[in-house]
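Here is the structure we will look at, set down as structure tokens.
The structure presented is a predicted model; accordingly, all values stated were derived computationally and were not measured.
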Amino acid sequence: MAKLRLSLLVVFSAGISYLIAARQARWDVLALLCGGGLLVTAASNAINQLLEARTDALMRRTAQRPLPTGRMRRREAVAFAVMAGTAGLALLGFFVHPLCALLALISLLAYGFLDTPLK
């Protein structure tokens with residue numbers, strides 16, 4: 001559900017940006033940023049797969065994903081998206097910065113509910 005390579009690229013970009021921008025980087029904040037970012041990205045990917053399950057089943061590249069193959073039910077995917085998104089936004093909001101959580105929420109909603117349906 002999480003599209004690990006894509007998620008790690010997003011987290012790597014956020015982590016490098018933090019290290020460049022921080023006057024004095026804190027490793028605990030970097031770890032929380034990366035963990036929260038990974039969870040929010042995983043939630044975004046799960047929403048994408050929930051909305052595209054039918055078309056994913058038709059394409060060779062995506063036909064082996066959990067929803068098209070039946071390895072995961074829709075209810076489980078929704079629970080995963082909600083739990084990962086909530087946990088990631090909480091980590092970012094409470095331990096990194098509230099603006100970081102807001103931007104992550106905007107990205108999650110934009111990717112899941114604007115970009116995915118407009119493809």
Side-chain angles (χ1 to χ4, degrees):
M1 292 302 309
K3 298 180 187 177
L4 188 58
R5 287 187 309 188
L6 174 63
S7 297
L8 289 175
L9 180 61
V10 170
V11 168
F12 177 77
S13 300
I16 292 297
S17 298
Y18 169 75
L19 290 173
I20 290 170
R23 291 187 184 128
Q24 194 167 18
R26 291 182 42 199
W27 297 108
D28 58 334
V29 173
L30 176 63
L32 290 163
L33 171 68
C34 291
L38 188 63
L39 288 166
V40 172
T41 304
S44 297
N45 293 328
I47 292 168
N48 171 269
Q49 290 183 52
L50 278 159
L51 295 176
E52 293 188 339
R54 287 191 184 119
T55 55
D56 282 351
L58 302 174
M59 298 183 344
R60 187 180 336 170
R61 180 179 64 83
T62 57
Q64 294 304 311
R65 289 182 175 166
L67 289 173
T69 60
R71 293 189 319 257
M72 181 178 277
R73 291 183 301 216
R74 292 187 65 80
R75 187 173 9 165
E76 295 168 332
V78 169
F80 173 80
V82 169
M83 288 188 294
T86 302
L89 291 169
L91 282 176
L92 295 173
F94 291 120
F95 298 109
V96 179
H97 195 280
L99 179 59
C100 183
L102 176 63
L103 293 172
L105 175 62
I106 291 168
S107 295
L108 182 147
L109 295 173
Y111 179 71
F113 298 107
L114 290 176
D115 180 63
T116 297
L118 292 174
K119 287 193 249 179

Using distance only, find each side-chain donor-acceptor pair of residues 108-117 under 3.5 Å and give its atom names and separation, not counting sequence neighbours.
| residue | atom | partner | partner atom | Å |
| --- | --- | --- | --- | --- |
| Thr116 | OG1 | Asn48 | ND2 | 3.0 |
| Thr116 | OG1 | Tyr111 | O | 2.9 |

Show me the donor-acceptor pairs within less than 3.5 Å that the side chains of residues 75-82 make with the rest of the protein, sequence neighbours left out.
| residue | atom | partner | partner atom | Å |
| --- | --- | --- | --- | --- |
| Glu76 | OE1 | Arg73 | N | 2.8 |

Name each donor-acceptor pair under 3.5 Å that joins a side chain in residues 38-46 to protein atoms two or more places apart or in another chain, with its distance.
| residue | atom | partner | partner atom | Å |
| --- | --- | --- | --- | --- |
| Thr41 | OG1 | Gly37 | O | 2.7 |
| Ser44 | OG | Val40 | O | 3.1 |
| Asn45 | ND2 | Ala2 | O | 2.7 |
| Asn45 | ND2 | Ser7 | OG | 3.1 |
| Asn45 | ND2 | Thr41 | O | 3.2 |

Show me, pair by pair, the donor-acceptor contacts under 3.5 angstrom made by side chains of residues 24-33, not counting sequence neighbours?
| residue | atom | partner | partner atom | Å |
| --- | --- | --- | --- | --- |
| Arg26 | NE | Asp28 | OD1 | 3.2 |
| Arg26 | NH2 | Asp28 | OD1 | 3.4 |
| Arg26 | NH2 | Asp28 | OD2 | 2.6 |

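Residue pairs meeting the salt bridge (Lys or Arg N to Asp or Glu O under 4.0 Å) criterion with at least one member in residues 81-102, sequence neighbours excluded, do not occur. Sorted by first then second residue, the salt bridge (Lys or Arg N to Asp or Glu O under 4.0 Å) pairs that include residues 41-54, not counting sequence neighbours, are Glu52-Lys119.
Scanning for side chain to side chain contact (heavy atoms under 4.5 Å, CB included) contacts around Phe12 gives Ile16, with sequence neighbours left out. A search for side chain to side chain contact (heavy atoms under 4.5 Å, CB included) contacts involving Thr69 returns Gln64, Arg71, not counting sequence neighbours. Among residues two or more places apart in sequence or in another chain, the side chain to side chain contact (heavy atoms under 4.5 Å, CB included) test is passed with Arg5 by none. For Ala101, the side chain to side chain contact (heavy atoms under 4.5 Å, CB included) partners two or more places apart in sequence, or in a different chain, are Leu92.
Grouping Ile, Leu, Val, Met, Phe, Trp and Tyr residues whose side-chain heavy atoms lie under 4.5 Å apart, directly or via other members, leaves Met83 alone, with no other cluster members.
Of all non-hydrogen atoms in Asp56 and Arg65, the two that sit nearest each other are OD2-NH1, 3.1 Å. Residues Ala104 and Leu89 share a closest heavy-atom pair of CB-CD2, 3.8 Å.
To the nearest 0.5 angstrom, Tyr18 atom OH is 10.5 Å from Cys100 atom SG.
One hydrophobic cluster, built from ILVMFWY side chains closer than 4.5 Å, cannot hold both Val96 and Leu102; they sit in different ones. Neither Leu50 nor Leu105 shares a network with the other; the hydrophobic side chains, linked directly or stepwise wherever heavy atoms of I, L, V, M, F, W or Y lie under 4.5 Å apart, form separate groups for each.
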